[in-house]
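In what follows, a single structure is set out as structure tokens and then discussed.
Keep in mind that the numbers below use all heavy atoms, side chains included, and drop hydrogens, waters and symmetry copies. Just so we're on the same page: letters track the sequence lines, and every chain starts at 1.
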Amino acid sequence: MQTKKIINNGDDAVDEMLDGILLAHGDTLRASEASGRAIIARHGPREGKVGLVIGGGSGHEPTFVGFVGQGLADAAAIGNVFASPPPDPALACVQEVSGGAGVLFMYGNYAGDVMNFDMAAEMAAMDDIEVRTVLTTDDVASAPRDQAEKRRGVAGNFFIFKAAGAAADEMMSLDDVERVARHANARTYTMGVALSPCSLPQTRRWNFDLPEGEMEIGMGIHGEPGIERGPIKPADEIVDEMMDRILDEMGAASGDRVAVLVNGLGATPLMELYIMNRRVQARLGEAGLETHATWVGNYCTSLEMAGASVTVMHLDDELQRLIDRPCHCAMFRVV
Amino acid sequence: MQTKKIINNGDDAVDEMLDGILLAHGDTLRASEASGRAIIARHGPREGKVGLVIGGGSGHEPTFVGFVGQGLADAAAIGNVFASPPPDPALACVQEVSGGAGVLFMYGNYAGDVMNFDMAAEMAAMDDIEVRTVLTTDDVASAPRDQAEKRRGVAGNFFIFKAAGAAADEMMSLDDVERVARHANARTYTMGVALSPCSLPQTRRWNFDLPEGEMEIGMGIHGEPGIERGPIKPADEIVDEMMDRILDEMGAASGDRVAVLVNGLGATPLMELYIMNRRVQARLGEAGLETHATWVGNYCTSLEMAGASVTVMHLDDELQRLIDRPCHCAMFRVV
Amino acid sequence: MTGDDIKAMLLAVADAMDAARDELCALDGEIGDADHGIAMSGGFGAVRTALSGMDGGTPTEVFNAAAKSFLNAVGASSGPLYATAFMRAGAAVKGSEVLSDADAPALVEAMAEGISHRGKAEPGDKTMLDAWAPAAEAARAAAGQPAAEVFAAAATAAEKGAEATSQMQAKLGRAARLGARSLGHRDPGAVSAAMMLRAMTAAL
Amino acid sequence: MTGDDIKAMLLAVADAMDAARDELCALDGEIGDADHGIAMSGGFGAVRTALSGMDGGTPTEVFNAAAKSFLNAVGASSGPLYATAFMRAGAAVKGSEVLSDADAPALVEAMAEGISHRGKAEPGDKTMLDAWAPAAEAARAAAGQPAAEVFAAAATAAEKGAEATSQMQAKLGRAARLGARSLGHRDPGAVSAAMMLRAMTAAL
Ligand SMILES: Nc1ncnc2c1ncn2[C@@H]1O[C@H](COP(=O)(O)OP(=O)(O)O)[C@@H](O)[C@H]1O
Ligand SMILES: Nc1ncnc2c1ncn2[C@@H]1O[C@H](COP(=O)(O)OP(=O)(O)O)[C@@H](O)[C@H]1O
Ligand SMILES: [Mg+2]
Ligand SMILES: [Mg+2]
Ligand SMILES: [Mg+2]
Ligand SMILES: [Mg+2]
């Protein structure tokens with residue numbers, strides 16, 4: 001039996017979604033003429049500004065397309081579900097947003113994305129556009145600390161893109177935007193938990209098996225296996241496991257400030273996310289940390305997967321300023 | 001076997017959620033000292049302004065608490081999951097937001113809510129605060145047209161509250177805010193479809209049965225049975241059934257303007273909502289209607305139910321102005 | 001019946017509602033929103049807490065305390081309905097420290113009236129009133145008999161009334177939009193009403 | 001082998017990938033993200049469309065058209081890997097209108113090199129290279145034999161290589177973080193590589 005989805009032909013899902021997005025948000029977004037999978041901010045790119053291009057597979061909405069807009073990303077290259085976009089839309093993004101000051105590619109650290117975006121960067125170099133790349137690697141569960149560069153990029157993208165987008169919006173140089181992006185990535189920590197699987201529009205079968213009563217801590221946003229599977233625990237215990245790890249990695253001093261994202265994977269109600277936030281804040285408070293800002297909601301999803309992640313960004317003055325800077329995207333605003 | 005939820009004790013879920021909400025959004029929201037279930041906008045209520053109090057059962061977040069803030073509702077009375085709040089928090093809301101110009105209660109048309117809010121209104125009258133009530137009845141599937149006053153209030157709340165909140169923010173009189181609220185309600189039409197059931201935190205059992213491969217058109221946001229159950233259809237066919245009914249009820253003339261909400265019930269990914277929006281806009285276009293504004297996302301949920309609803313508000317100049325007016329709520333902003 | 005006897009009756013109801021919680025949720029799931037057991041057991045849990053913390057008290061004071069605690073814990077449909085029922089019962093025996101057998105029918109009738117007043121349901125609408133109205137009638141008919149007989153007659157009538165709701169089409173409450181689809185299902189509020197009267201009877 | 005023969009081989013692969021779509025998705029679901037069958041059948045579907053619209057063409061032109069259409073339809077990991085493989089194969093036989101048996105090993109070796117160059121995998125990392133590297137070796141060893149024999153040897157070696165991936169711990173790709181949990185599962189990319197070579201062989 002097929003999983004339940006409100007779609008037409010599964011092969012058309014991504015393109016029909018983009019149609020629906022452009023119809024809803026035509027005031028802030030448009031498609032590139034060179035590629036319907038290159039979505040450009042109407043009010044972002046400009047002369048002399050570093051262009052920020054993000055992207056990756058579909059199925060994580062509002063990541064990536066929802067974070068395109070003034071003050072955040074200038075464009076997103078959109079792949080098939082859970083599949084990196086090919087080089088062409090990424091190249092189209094570069095050409096649309098290049099303001100003469102260089103372009104930064106930012107995306108999660110996955111083999112397919114690296115190969116495709118690298119090919120696009122090589123093609124852009126032939127057009128004499130300098131493209132640099134910063135990979136996000138915030139998923140602390142996905143590799144040990146001494147191999148942090150192998151980690152996956154997950155919901156922390158939100159903070160890392162936001163900081164880099166604000167830096168570009170401040171008209172920083174490519175060197176500085178790249179420095180900010182690397183710095184933001186290094187100070188962003190995410191842990192996730194999955195409760196139920198997702199299914200692809202084209203197969204409509206469950207991507208993996210997560211039996212009744214069980215959860216998996218550390219599972220990736222495409223269902224990549226995590227670090228521990230076992231019976232579902234109370235919310236506070238789940239959050240404690242996440243926060244123990246995050247606080248340990250972060251090594252913050254009492255009095256330091258953080259930004260928090262409690263993110264739903266798709267099928268988990270806001271009620272549960274806010275119950276998690278209650279414990280997150282208690283743990284941060286116990287550690288003497290000050291929460292500067294909190295976001296709670298579905299920011300980086302895995303189709304209809306149930307579960308959630310907690311991201312903490314360890315702020316400093318510069319990151320705080322950049323996180324606070326207004327931005328106007330179709331699916332996210334800071335005012 | 002229990003359904004999977006990230007909660008602690010089910011009986012504490014609502015209060016722990018509110019703790020988490022206040023921790024995340026303390027700059028815009030606070031709890032009344034008289035009742036922890038009365039959530040007040042920090043920047044909304046003021047002298048001479050009609051106070052707008054909304055409310056109802058929990059489990060529909062961001063409805064109701066997420067729509068409290070400057071320019072929208074001044075307070076929300078929060079009940080247990082799927083249960084009207086008792087009179088006390090509603091009365092506390094009235095006392096906190098009364099600016100001398102009267103208070104308007106707005107909530108969905110459910111027997112329990114009516115009884116509890118009416119009791120609160122009677123108590124407020126003893127304090128010499130005039131409270132009037134406008135019930136929302138936007139769910140066109142829930143009663144035939146000649147009994148429109150018996151219909152349930154569902155996702156259309158979003159538009160109806162928004163219009164009334166903007167009217168109060170414009171410092172309209174109680175008479176006028178009430179008129180606007182009734183007018184907004186009369187011009188707002190919602191149809192929903194459910195794909196899978198939800199479960200209450202206290203029982204952790206599925207609330208109803210919706211077999212593999214089946215959907216139910218017209219199901220209510222607490223799982224109240226709808227008008228037609230059958231095999232899942234393609235997105236375009238589902239939307240067509242909804243839009244046929246909505247367009248028929250609305251009776252708009254070519255050239256009229258509308259606002260659109262494509263709302264997820266909790267477990268349905270944005271991808272599917274945008275695919276629906278594509279068809280919604282096509283149907284509106286065929287009918288010669290102009291879409292002034294579109295919102296897509298989870299605005300009125302039913303815990304982890306999968307499904308979606310489409311709401312169309314038939315605008316006129318006044319409603320358009322009110323819908324466009326800026327508001328600043330914890331979980332919703334217009335800028 | 002002293003205030004303490006009324007307390008004992010209400011505490012017995014609290015235990016009965018805890019035991020029936022899942023059954024009532026399941027009944028409500030068929031035609032409503034699956035939470036009636038939560039409302040009843042949660043509401044009477046709050047009554048239990050309030051009455052446990054209460055030293056002495058007249059029957060009227062006990063009913064008023066029950067009304068208030070039930071309402072504030074529950075809201076929903078049951079909250080105002082039972083809060084009004086208890087306040088009416090308290091008002092019906094106002095001034096008495098100890099109730100006689102002759103007060104028993106008045107208590108049941110007052111509760112039924114409170115529910116009818118608050119909910120504005122008609123008999124046959126498929127609500128808890130379809131248990132409470134026949135219960136009141138049976139209690140009235142049993143006037144003159146010992147209180148235990150009066151309550152027993154009311155409970156039996158309520159059980160029959162609750163049973164009969166499965167032949168009714170809902171006109172009020174969440175099930176109202178079901179039309180013919182509500183046939184064949186008992187109304188959860190009517191079923192819990194019968195359980196309540198049966199538990200009260202047993203506690204006498 | 002003319003350009004049309006190459007087309008026939010690639011169209012046979014497209015049919016094979018359609019047939020294996022669900023199996024490859026299921027394999028990918030065990031250690032990856034369950035979409036490898038979609039990528040391969042979608043990618044070769046695009047190749048089919050591109051080649052069907054192509055009139056004539058040299059082997060190099062056919063390979064280049066396949067590379068471009070596969071890449072643009074798919075992205076993912078498979079896209080750049082096979083696009084590079086096809087471009088290398090096209091480059092290896094550049095200038096020839098008709099390929100001889102002696103060109104067959106060069107084709108397989110070029111594809112393996114392309115995959116190795118693009119993916120930077122080492123043998124034993126549990127990727128499609130663990131099918132392509134032994135395939136290239138077997139093709140080289142079969143040099144001098146008819147093209148059909150060369151491809152058959154490559155396919156057999158790739159099948160063995162794919163089988164052997166179940167004993168490997170993943171070092172690259174989505175499965176890389178699985179460590180020992182990837183043991184016992186074949187790599188989906190290696191399995192589809194073997195199917196590809198087998199379909200090519202059958203089409204010759
Ligand atoms: N207007 C009414 N009059 C009398 N009883 C009512 C009325 N509306 C609802 N009820 C009763 O309330 C019961 C449902 O109670 P409950 O599930 O606790 O509340 P809710 O409907 O708010 O979820 C119904 O089974 C019915 O017996
Ligand atoms: N660096 C690499 N070198 C060679 N093959 C790789 C590499 N990374 C991944 N692969 C292959 O790609 C396959 C997965 O392809 P696919 O599922 O289509 O893409 P994705 O991993 O992006 O979902 C793996 O099974 C593996 O064989
Ligand atoms: Mg993939
Ligand atoms: Mg309820
Ligand atoms: Mg109920
Ligand atoms: Mg894959």
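With C:Arg48 as the partner, the side-chain contact (heavy atoms from CB on, under 4.5 Å) test is satisfied by one option alone out of C:Leu10, C:Asp15, C:Val13: C:Asp15.
Remark: side-chain polar atoms of B:Asn263 are paired, donor with acceptor, to backbone N or O of B:Tyr299 under 3.5 angstrom. When atom types are taken as modelled, the side chain of B:Glu61 and the backbone of B:Gly59 share a donor-acceptor pair closer than 3.5 angstrom.
In this structure, the portion of B:Arg205 lying under 4.5 Å from any heavy atom of chain C is its side chain and not its backbone. Heavy atoms of C:Leu71 lying under 4.5 Å from chain B belong to its backbone as well as its side chain. Of the atoms belonging to B:Val81, it is backbone heavy atoms, and not side-chain ones, that fall under 4.5 Å from chain C. For B:Asn116, the parts lying near chain C are the backbone and the side chain together; criterion is any non-hydrogen pair under 4.5 Å.
When B:Ile227, B:Asn80, B:Asp209 are compared by the number of non-hydrogen pairs under 4.5 Å with chain C, B:Asn80 comes out ahead. In terms of heavy-atom pairs under 4.5 angstrom with chain B, the leader among C:Ala34, C:Ala76, C:Gly37 is C:Ala76. The residue among B:Pro87, B:Pro85, B:Gly218, B:Gly56 with the most heavy atom pairs within less than 4.5 Å of chain C is B:Pro87.
A perpendicular orientation is assigned to the rings of B:His222 and B:Tyr110, their planes being inclined by more than 60° (bins at 30° and 60°). Classification of the C:Phe44-C:Phe86 ring pair by plane angle, with boundaries at 30° and 60°, yields perpendicular.
C:Ile31 is listed as a side-chain neighbour of C:Pro188, based on a closest heavy-atom distance under 4.5 Å.
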